[in-house]
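Just so you know, these numbers use all the heavy atoms, side chains as well, and skip hydrogens, waters and symmetry mates. Numbers restart at 1 for each chain; the letters A, B, ... are given by sequence-line order, proteins then strands. Predicted, not measured: the structure shown is a model, and the values here were computed from it.
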Amino acid sequence: MVLLEDLNKEQQDAVRQKDGPIIIIAGAGSGKTRTLTYRIAYLIEQGVSPYNIMSLTFTNKAAKEMQERIYSLVGYKAKYILMGTFHSIFSRILRQEAEKIGYTKNYSIYDDTDSKRLISEIIKNLNLDPKNYSKGRVLNRISFAKCSLYSPQDYKDNEYIRQEDFQANIGEVYRVYQVYQSRLKQAMAMDFDDILFNMNVLLRDFVDVKEKYQKRFQYILVDEYQDTNYSQYLIVKKLAEYYKNICVVGDDAQSIYSFRGATIQNILNFRKDYPNANIYKLEQNYRSTQNIIKAANSVIVKNELQIPKIIWTNNEDGDKLLFKTLLSDREEADWVAEKIKEITKKDKVDFNDMAILYRTNSQSRALEDSLRLKNIPYIVYGGISFYGRKEIKDAVAYLRLVANNDDDEAFERVINYPARGIGKTSIDRLKILRGEKRCSLFATIKQISENKEKTITTHAVKAMQEFCDMIEALSLEMKTTDAFTLGDKVIKRSGIMTDLALMKDVEDKDKLENIQELLNSIKSFVENDEENIIDSLTGEEISIKDKTLDVFLQQISLMSTADEKDEENSDNVKLMTIHSAKGLEFNTVFIVGMEENLFPSCMSFASRDDIEEERRLFYVAITRAKQHLFLSCAKMRYQYGNTTFSETSRFIKEIDSEFIDCNDGDRQIKKRLPFNDDAYNEPKKSFSLTKKKPLTSLRDNVFTEKILLRKKQQQTDVDEKDLSVAGIDQIKEGMNVYHSKFGNGVVVGVEGERDNKKARVDFETLGEKTLILKFAKLKIKK
DNA sequence: ACTCCTTGGGTTTTT
DNA sequence: CCCAAGGAGT
């Protein structure tokens, strides 16, 4: 068979096993995408209908690339394969099945900004101390709960989670979660995590639906399996339950998304779920030079947690890596720019084939300045996306509100933009009414006219009603009008264009152009029928009438910055975070900012797991390079408004010196400036400890926790519960107690009443902790 | 109700 | 440093 000739032995084996569960451990640059695409082509050649294949990826970019490559292998049939990100595929399925889980087809998807704004409003309404309850922290917590499939009720009832929150002084997060979730529902909206959560709900509660999709997806392929979270894992597991033709591809060494709930456990669990699963290891690297591969290996072996494998290559030795220490971030950027010029001249490498990788988005600034000065064309990925711009968010909010009148975040954004004489006070009063009526802002206004509410001034009420009438009239057209015709109308009616036209700043001209750009993208969405004649989910033909506004909105809300820019023919140096570089390769790579506290990030010092994740991130960065790899570090960096001093990253020292040139010998010199060390190390350490620790420990416990809970529920029921409740009043100062997780301790203080009653306990191993007695289930020792 | 200015909080990574 | 939210003045 012709296809297989392009593959090595291991790749062929992985492609040839048509049926049954298989797991492919694919090292960096080992031809993973090639194997996956060939596998799909092979399946089709073996007579599997493309309609019965589903292929899941993490980024739209990866999905698109795979689609193209399969297209070149099997032709038009590729269109029938359901291929996309977890979020895009499942949001489409949820659209089909929306009514079953209490949503409408046109539900909104809240992005991070929407969620954060809503969270901070709830924090304020609940009178929680904003010092402890920062929106980011709370949202993180909620997101974590959702990814591990804890509903608000589960969260409230879970002893471990509640205890963790309590320890971190955010004991009321469960209330925020509860309100947050009901507000989302009220707005007919889901956040990113809800898409996966609700997909789980759908599969759990509707057996017929589950069976329908189980039979539909006879062959399931999952890319980047190491980056799946529990919620994603369970969806895949359920869908594959019937045929068990599941093929997952991953590399534990490249797992870099645990902060988002991803867990290597999923790879390890695979063989538990499918005992007859075959493992294939792809260890030959086709991408990089010997030096790069060996350097990468010398770093990754420092991790304890990994599946043993050896990545090797037949490629030439190549140059050694080059590490350079510079005085400041400015100098570092200049050095990089200089090197880029040198490489283009000496090695004839295109700008296109070079990338500058960094740990944090904010590092791009200095680099951009230097590149601009030296006339080097570049493109920055990430940062503020097109859809993140204010004027675009405003315009999109109008579209969202038309598509879904209940979308309160969109509503609040535009109710008084452009100004309609509806001020903060009126909106505050409207929100109070919303609280009473328990519906969306839009629906609240609709009810005002009937009930003649008097809290809001008549002038404001009139303005609000006019606004709603305008939106409602536009909404009526949604099902019958294509996205562009309607979108154009909405934007023109909104008054945004005239408002922007009145401004005289130079930047406002850009804003107008951006809005025009948005309209253009809607236009091409509607008109571009070459690519999308077939709906790969329903298998039906798509006509222009199906390209309605809500479909467009759903598509863009799941797009990331990396998916937007697409100017293939331009010759640019690429600037991006290491995270967004995953899956890509470049002839020449610069990894900048190799400093302790920056990379590894100081946020990661709290636990060994986190440092290991940073190391995997470094491994990913190194293995992006084919030929040249440069690393640099700045002693002095302008950051968050002031200058910080750093030492060279520990990761530099971890690279075997055989494979790297250190220009200045800096790394051998151990500095001895104790007073200086203290000055910049001290505050950062305490910062990272107070903030990160509680979250980390929950993460570690998520799985053991589930097992523990299950065991507990099986073994004990009423007895132990009663005992612990009775225990609330029995706990007194001076008692010796035992806690299932913290061990033995002595009660040193009791405060609060009933459900809020807390005890301070001095534990033998862990020191003093304060526990909510309702949850702590302490046992009294004699 | 609107505008401008100050203040303060949060800054790792992202579908 | 960069934003969003709060306050003061119109």
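- Between the CD1 atom of A/I119 and the P atom of B/dG9 there is a distance of 19 Å, rounded to whole Å.
- Scanning for ring-ring contact (aromatic ring centres under 6.0 Å, His included) contacts around A/F552 gives A/F525, with sequence neighbours left out.
- For the residue pair A/T577 and A/S580, a side-chain donor N or O sits within less than 3.5 Å of a side-chain acceptor on the partner.
- For A/T425 and B/dA1, the shortest distance from a side-chain N or O to OP1 or OP2 is below 4.0 Å.
- Every residue meeting the ring-ring contact (aromatic ring centres under 6.0 Å, His included) condition with A/F58, not counting sequence neighbours, appears here in chain and number order: A/F86.
- Mapping A/T577 and A/K116 onto DNA chain B by nearest heavy atom places A/K116 closer to the 5' end of the strand.
- Going from atom CE of A/M576 over to atom C1' of B/dT12 covers 17 Å, rounded to whole Å.
- With hydrogens and angles left out, the side-chain atoms of A/N404 and A/S108 include a donor and acceptor closer than 3.5 Å.
- Between A/Y133 atom OH and B/dG9 atom P there is a gap of 17 Å when expressed in whole angstrom units.
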Taking only N/O atoms, report every protein-nucleotides 5-10 of chain C pair under 3.5 Å with atom names and distance.
unit_1, atom_1, unit_2, atom_2, d
C/dG6, OP1, A/K124, NZ, 3.3

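- Between the CZ atom of A/F599 and the C1' atom of B/dT12 there is a distance of 11 Å, rounded to whole Å.
- No contact: A/N642 has no heavy atom under 4.0 Å from any strand.
- Comparing B/dT13, B/dT15, B/dT12 by their nearest atom to the side chain of A/H579 picks out B/dT13.
- Note: CD (A/E224) to P (B/dT15) measures 12 Å, nearest angstrom.
- Using a 4.0 Å heavy-atom distance criterion, A/F192 is classed as a base contact.
- In this structure A/K511 satisfies the side-chain contact (heavy atoms from CB on, under 4.5 Å) test together with A/E391, A/L500, A/D508, sequence neighbours excluded.
- Identified under the salt bridge (Lys or Arg N to Asp or Glu O under 4.0 Å) test for residues 407-419 of chain A, with sequence neighbours left out: A/R117-A/E409, A/R117-A/E412, A/D394-A/R413, A/R400-A/D407, A/D408-A/R434, A/E412-A/K431.
- Here C/dC1 is the nucleotide among B/dT12, B/dC2, C/dC1 with the atom lying nearest to any side-chain atom of A/Y638.
- Along DNA chain B, the nucleotide closest to A/E614 and the one closest to A/A460 are compared, and the more 5′ of them pairs with A/A460.
- Residues from residues 357-369 of chain A that place a heavy atom under 4.0 Å from any atom of DNA chain B, listed by number: A/R359, A/T360, A/N361.
- For A/S134, counting side-chain heavy atoms from C-beta on, the closest listed nucleotide (B/dT12, B/dA1, B/dG10) is B/dG10.
- Considering only the side chain of A/S426, B/dA1 comes nearest among B/dA1, C/dA4, B/dT15.
- Ranking B/dT14, B/dT15, C/dC3 by closeness to the A/K390 side chain, first place goes to C/dC3.
- Counting to the nearest Å, the C1' atom of B/dT13 and the CD atom of A/Q254 are 15 Å from each other.
- Listed by chain and number, the residues in a ring-ring contact (aromatic ring centres under 6.0 Å, His included) with A/Y107 amount to none (sequence neighbours excluded).
- Rounded to an integer number of Å, the gap from A/Y257 OH to B/dT14 P is 6 Å.
- Every salt bridge (Lys or Arg N to Asp or Glu O under 4.0 Å) that A/R608 has, sequence neighbours left out, goes to A/E304, A/E612.
- Between the side chain of A/N229 and the main chain of A/T263, no donor-acceptor pair closer than 3.5 Å is present.
- Among residues two or more places apart in sequence or in another chain, the side chain to side chain donor-acceptor pair (under 3.5 Å) test is passed with A/R92 by A/D535, A/S536.
- Minimum atom distance to the side chain of A/F259 is reached by B/dT13, of the listed B/dT12, B/dT15, B/dT13.
- In this structure, the OH atom of A/Y417 is 17 Å from the C1' atom of B/dA1, given to the nearest Å.
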